[in-house]
Amino acid sequence: MAKSRHESTIEMVELVLPNDVNLLHNLKGGRLMHWIDIAAALTASRHSNRIVATVSMDSLNFKHPAKLGEMVRLRSELLSVGRTSMKIKVTVWAENLQTGSVIKTNEATLVFVALDENERPVPVPRLLE
């Protein structure tokens with residue numbers, strides 16, 4: 001069975017709250033990594049219909065900080081699939097809710113593997129192009 005990229009795409013929204021920021025009122029990198037991992041895991045689970053495990057984060061590029069009070073939107077989509085693994089790209093934007101300005105803040109690439117009930121890798125659906 002094969003699935004389209006669109007079927008697995010996830011959009012997630014978070015509000016940057018005081019507990020999420022550092023002393024400069026910028027979103028903490030670790031908090032953002034947590035949100036990115038969740039968004040990518042949801043995409044991988046949606047595609048595979050399985051529990052998934054993070055294998056790697058190939059890259060995480062910090063282009064611009066998200067600030068306290070901004071809305072952060074994460075879009076997670078499949079780039080490719082292997083036999084049991086899925087490569088996923090997460091793109092992050094920050095929106096200033098007072099001015100309406102939106103800026104791309106981050107991109108990350110992650111790899112997940114689908115697991116069976118015994119936590120062993122299992123084949124995933126092919127990706128329709």
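Leu78 contributes atom CG, which lies 9.5 Å from atom NZ of Lys3 (distance to the nearest 0.5 angstrom). Rounding to the nearest 0.5 angstrom, the gap separating the CG atom in Leu27 from the CD atom in Glu14 is 9.5 Å. Rounded to the nearest 0.5 angstrom, Met33 CE and Thr54 OG1 are separated by 10.0 Å. The NZ atom of Lys67 sits 12.0 Å away from the OG1 atom of Thr105 when rounded to the nearest 0.5 Å. We find the NE2-CG distance between His47 and Leu127 to be 6.0 Å, quoted to the nearest 0.5 Å. Between atom CD of residue Glu107 and atom CH2 of residue Trp93 there is a gap of 8.5 Å, rounded to the nearest 0.5 Å.
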message = Working note: Glu77 + Lys89, criterion salt bridge (charged side-chain N to carboxylate O under 4.0 Å, His left out); need CA distance, chi angles, decisive distance, verdict.
response = CA-CA 6 Å; Glu77 62 184 334; Lys89 178 181 178 181; 5.8 Å; no
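For Asn118 (side chain) and Arg120 (main-chain N/O), no donor-acceptor pair under 3.5 Å exists by modelled atom type. Within the 3.5 Å criterion, the main-chain N or O of Asn61 finds a donor-acceptor partner in the side chain of Asn106.
Nearest heavy-atom pair across Ala40 and Val90 is CB-CG2, 3.9 Å. The minimum heavy-atom distance between Leu74 and Ala39, with the atom names listed, is CB-CB, 4.4 Å.
With sequence neighbours excluded, the residues that form a side chain to side chain donor-acceptor pair (under 3.5 Å) with Arg50 are Glu117. For Ser76, the side chain to side chain donor-acceptor pair (under 3.5 Å) partners at least two apart in sequence or on another chain are Thr43.
Remark: of the listed residues Val72, Asn19, Val16, Leu17, Asn19 is the sole one forming a side-chain contact (heavy atoms from CB on, under 4.5 Å) with Arg31.
No more than 12 heavy atoms of other residues, nucleotides or ligands lie within 6.0 Å of CD1 in Ile51, so this atom counts as exposed by the packing criterion.
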